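What you are looking at is a predicted structure, and each value in this text was computed from that prediction instead of being measured.
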Amino acid sequence: MNASRVLLEAPGASFAQPFEMLEACHERVHRMLDLLARLREHLRTHGADTQAQQAARDVMRYFDQAAPQHHRDEELHVFPPLLAQAAPEVQAVVRRLQQDHLAMESGWQKARRVLAVVADGKLPQLAPHDEAALAAFAALHESHIRAEEDIAYPHARELLDESARTAMGAEMARRRGVK
């Protein structure tokens with residue numbers, strides 16, 4: 001269960017193409033959620049051994065560092081033009097996505113508490129409430145990502161011209177310390 005991941009760059013995506021970077025981040029979210037599912041299964045049979053501890057640290061690192069930046073990207077660059085200019089049904093989707101972000105933050109705090117104990121090797125097995133916290137956090141993502149990729153991103157691409165997309169990518173890179 002080697003879980004090391006490159007969190008910033010994805011093959012074929014760069015900040016010069018900010019929507020591709022956002023989609024690449026979704027791919028990493030899926031990989032991290034797959035790792036979380038494997039970790040949950042691993043804990044059932046092996047407990048919080050060294051592999052489980054490392055996997056928990058990897059999941060925590062991603063959702064502590066990269067995921068909040070991704071949500072910030074969307075809150076700064078994708079959602080505002082949609083709320084200002086998109087059709088009412090798209091605006092409704094964006095408002096739901098914003099609520100999802102809040103639910104993800106809350107869900108992450110609960111899931112993180114469980115993972116931190118696993119990472120420290122102090123939780124040999126998941127209690128039902130621990131399992132529920134991890135499952136609930138994972139469940140928040142599927143329909144959210146689908147709505148972003150199928151509705152929000154395509155509409156935002158239409159609204160943002162080349163110079164706006166360039167500025168978006170530059171700001172995303174700057175916030176991450178990439179030159």
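Sorted by first and then second residue, the pairs that involve residues 125-138 and meet salt bridge (Lys or Arg N to Asp or Glu O under 4.0 Å), not counting sequence neighbours, are Arg40-Glu131, Arg44-Glu131. The ring-ring contact (aromatic ring centres under 6.0 Å, His included) analysis of residues 156-179, with sequence neighbours excluded, yields no pairs.
A donor-acceptor pair is defined here as one N or O able to donate and one able to accept, closer than 3.5 Å; such a pair exists between the side chain of Asp161 and the backbone of Ser163.
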**OP:** Verify salt bridge (charged side-chain N to carboxylate O under 4.0 Å, His left out) between Arg61 and Asp58, making sure each step is shown before the conclusion.
**Re:** CA-CA 5 Å; Arg61 184 173 32 261; Asp58 289 344; 2.3 Å; yes

Original post:
Are Arg112 and Phe63 close enough, and set up right, to give a side-chain contact (heavy atoms from CB on, under 4.5 Å), and what steps lead you there?
Top reply: CA-CA 9 Å; Arg112 191 187 195 293; Phe63 286 104; over 6 Å; no

Subject >> Verdict with supporting geometry, Arg176 and Asp73, salt bridge (charged side-chain N to carboxylate O under 4.0 Å, His left out) >> reply: CA-CA 11 Å; Arg176 290 166 174 83; Asp73 295 336; 2.5 Å; yes

**OP:** Take Gln53 and Arg57, measure what side-chain contact (heavy atoms from CB on, under 4.5 Å) needs, and give me the verdict at the end.
**Re:** CA-CA 6 Å; Gln53 292 171 34; Arg57 284 190 291 272; 3.8 Å; yes

**OP:** Output, in order, the C-alpha distance, side-chain angles, deciding distance and verdict of ring pair (Phe, Tyr, Trp, His ring centres under 6.0 Å) for His30 and His141.
**Re:** CA-CA 9 Å; His30 284 298; His141 291 81; 8.6 Å; no

Original post:
Arg38 and Asp34: side-chain contact (heavy atoms from CB on, under 4.5 Å), yes or no, with the steps?
Top reply: CA-CA 6 Å; Arg38 291 192 314 272; Asp34 287 346; 3.8 Å; yes

Subject >> salt bridge (charged side-chain N to carboxylate O under 4.0 Å, His left out) assessment of Glu148 paired with Arg96 >> reply: CA-CA 10 Å; Glu148 285 180 343; Arg96 191 202 89 210; over 6 Å; no

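Atom CE in Met60 sits 12.0 Å away from atom CE in Met32 (nearest 0.5 Å). With rounding to the nearest 0.5 angstrom, the CZ atom of Arg113 is 11.5 Å from the CG atom of Leu134. Annotation: the span from Leu160 atom CG to Thr166 atom OG1 amounts to 10.5 Å, rounded to 0.5 Å. The distance from the OG atom of Ser14 to the CD atom of Gln17 is 5.0 Å, given to the nearest 0.5 Å. Rounded to the nearest 0.5 angstrom, Glu105 CD and Gln109 CD are separated by 8.0 Å.
Leu35 places none of its side-chain heavy atoms less than 4.5 Å from the side chain of Tyr62. Using a 4.5 Å cut-off on side-chain heavy atoms (C-beta onward), Leu140 and Trp108 make no contact. Side-chain contact between Met168 and Met172: present, with at least one pair of heavy atoms (C-beta onward) separated by less than 4.5 Å. Taking 4.5 Å as the limit, every side-chain heavy atom of Val114 sits out of range of all side-chain heavy atoms of Lys110.
Across all non-hydrogen atoms, the minimal contact from Ala52 to Asp49 is N-OD1, 2.9 Å. When every heavy atom of Ala147 is checked against every heavy atom of Leu97, the shortest pair comes out as CB-CD2, 3.9 Å. Here the shortest heavy-atom pairing between Ala86 and Leu159 reads N-CD1, 4.5 Å. Listed here is the closest heavy atom pair of Leu82 and Ala156: CD2-N, 3.6 Å. Heavy-atom minimum distance, Leu123 versus Leu43: O-CD2, 4.2 Å. Pro80 and Glu74 make their closest contact through CD-O, 4.0 Å (heavy atoms, listed as atom of the first residue, atom of the second, distance).
In summary, the aromatic rings of His26 and Tyr153 are positioned with their centroids under 6.0 Å apart. Taking the centre of each ring, His101 and His144 come in below the 6.0 Å mark.
Listed by chain and residue number, nothing satisfies the ring-ring contact (aromatic ring centres under 6.0 Å, His included) test with His155 (two or more places apart in sequence, or in another chain). In this structure His77 satisfies the ring-ring contact (aromatic ring centres under 6.0 Å, His included) test with no other residue, sequence neighbours excluded. A search for side-chain contact (heavy atoms from CB on, under 4.5 Å) contacts involving Leu83 returns Gln91, Val94, Arg95, Gln98, not counting sequence neighbours. Among residues two or more places apart in sequence or in another chain, the side-chain contact (heavy atoms from CB on, under 4.5 Å) test is passed with Ala139 by none.
Here the options are Leu33, Leu115, Val59, the test is side-chain contact (heavy atoms from CB on, under 4.5 Å), and the partner is Phe137; only Leu33 passes.
For the residue pair His71 and Glu75, no side-chain donor N or O sits within less than 3.5 Å of a side-chain acceptor on the partner.
Classification of Arg174 and Glu171 as a salt-bridged pair fails, no side-chain N sitting under 4.0 Å from a carboxylate O.
Following chains of ILVMFWY side-chain contacts shorter than 4.5 Å, one can reach Phe19 starting from Val178, so the two form part of one hydrophobic cluster.
Shown here is Arg157, whose CZ atom has more than 12 heavy atoms of other residues, nucleotides or ligands within 6.0 Å.
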